[in-house]
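Report on the following structure.
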Amino acid sequence: MNTMTKGSDILLKTTDKDIQRIGEKINAGERISPEEGILLFEKGSLPFLGALANGVRERLHGNKTYFNRNFHIEPTNVCVFTCNFCSYSRVYSHRDEGWELSQQQMLDIVRSYDGKPVTEVHIVGGVHPKMNLEFFIEVLQKIKTHRPDLHIKGFTAVELDYMFRKAKLSIEEGMKRLHAAGLDSMPGGGAEIFHPDVRKVICADKVDADGWLAIHETAHRLGMHTNATMLYGHIETYAHRIDHMNRLRELQDRTKGFNTFIPLKFRNKDNDMSHVPESTVVEDMKLYAVARLYMDNFPHLKAYWPMLGRQNAQLTLAFGVNDLDGTIDDTTKIYSMAGSEEQTPSLSTTQLVSLIRQVGREPVERDTLYNEIRNYKDVDLDQMAQDPSLN
Ligand code: V47
Ligand code: SF4
């Protein structure tokens, strides 16, 4: 049963004229301006924003909540860059404190999923000065030879920018070579906050906004889909968030190549920004809601449960989110090292399905491109728990 409040019901109870007008615009299917986006952050109450965002989410996806079966490969945490929010990377001179996987070790990880119904491998890591384009082309080819049907979502624009510059290739040439080797799509990492006033404080030395956007635009032009993230809840203002989302919305108007927007909550353990307090759950939910309202041309909004924790991820499903990412199988360290509650992030299919059903939503397994694989709305949870392929 769906007990969520529709946006139009809550509008009657809003006394702020500006906010009421913005709500009416959204309910009429009109786009909101950057100024209106900032006003929503400043003056929109949590229940009001939640109801509006939920209305948009249900217009787009009904009660469906997507997840996938996936695992990560993190080739290395050695990194030439020094983002202040990063708890995960080690500089090259301290590489003995980190890890560097060989091609064989990466392939062994893929082989360990033989016979298991995963559909996606997500490859992301630090920017290692010696792991170059040729190295990753071989990795992609080996994975595809071993398991052609496995979708490879790999490499942030930060990793690609470094690889292409080192190989002295244009973005287009570099992307074409990776695509031909087996790269199917790109994750959304490395975006952080685009505005230079923030970027110069939190991640001064890596690719800037225009470089990040140019790589995604090229991928879209070559027919690949990508995601986009935003690292929020540190030193950025509401205006910086809207500026970030606006740049993405403008690119999406031109290419339609983004699948999913993924806000990532800043976690402050063991990094150079540990003095910055983390955002509250109220701020988190407001951010998801405003993202759903502002990013009107993004089909999907994802809450990445290893970062938020599973209970808060459940809560986001009432604030515009329609996707929870995947089973993960304890194959990523980025968030546990930054202090997430999820120290060994892993959910069986049964657990993910239960998580979604507990809050009255309809779990749908998808592939990376959001083709539906199976709807678990009416599946018997006890029977599922007995099925080894789902646990
Ligand atoms: O760009 C690093 C973030 C990102 C911290 O596309 C941190 O499906 C919070 O982009 N606190 C990489 N966040 C991961 C990423 C991603 C994750 C899941 C799904 C997808 C997708 C993409 O992790 C980085 C950075 O924004 N990050 N450190 C931290 N302390
Ligand atoms: Fe390197 Fe990525 Fe960490 Fe920045 S966030 S230091 S690019 S691993």
Handout entry: Residue among K144, H179, H225, K153 satisfying side-chain hydrogen bond (donor to acceptor under 3.5 Å, both in side chains) with D184
Key = K144

Practice task
Could you check whether the rings of F258 and W212 sit parallel, tilted or perpendicular, using 30° and 60° as the cut-offs?
Solution key: parallel

Could you tabulate the donor-acceptor pairs under 3.5 Å formed by side-chain atoms of residues 38-50, not counting sequence neighbours?
residue	atom	partner	partner atom	Å
K43	NZ	D16	OD2	3.1
K43	NZ	D18	OD2	3.4
S45	OG	F48	N	3.3

Practice task
Output the rest of the hydrophobic cluster of L369: all Ile, Leu, Val, Met, Phe, Trp and Tyr residues reachable through side-chain heavy-atom contacts under 4.5 Å, sorted by chain and number.
Solution key: none

Practice task
Each residue besides I373 in its hydrophobic cluster should be listed here, by chain and number; the cluster joins Ile, Leu, Val, Met, Phe, Trp and Tyr at side-chain heavy-atom distances under 4.5 Å.
Solution key: none

Problem - Any side-chain heavy-atom pair of V198 and F194 under 4.5 Å - result: no

Decide whether [X] and [Y] are clustered together by the hydrophobic rule: side chain heavy atoms of Ile, Leu, Val, Met, Phe, Trp, Tyr closer than 4.5 Å, transitively.
X	Y	result
M186	Y370	no
M295	Y66	no
L317	L264	yes

Exercise for the section: Rounded to the nearest 0.5 Å, what's the gap from OH on Y162 to NE2 on H128? Could you check? Expected result: 9.5 Å

Problem - Spacing of D367 atom CG and E120 atom CD [to the nearest 0.5 Å] - result: 9.0 Å

Is a side-chain donor or acceptor of [X] paired with a backbone partner of [Y] at a separation under 3.5 angstrom?
X	Y	answer
Q141	G182	no
S340	S336	no
H195	D197	yes
W305	Q311	no

Practice task
Could you tell me whether R241 and E283 have a side-chain N and a carboxylate O separated by less than 4.0 Å?
Solution key: yes

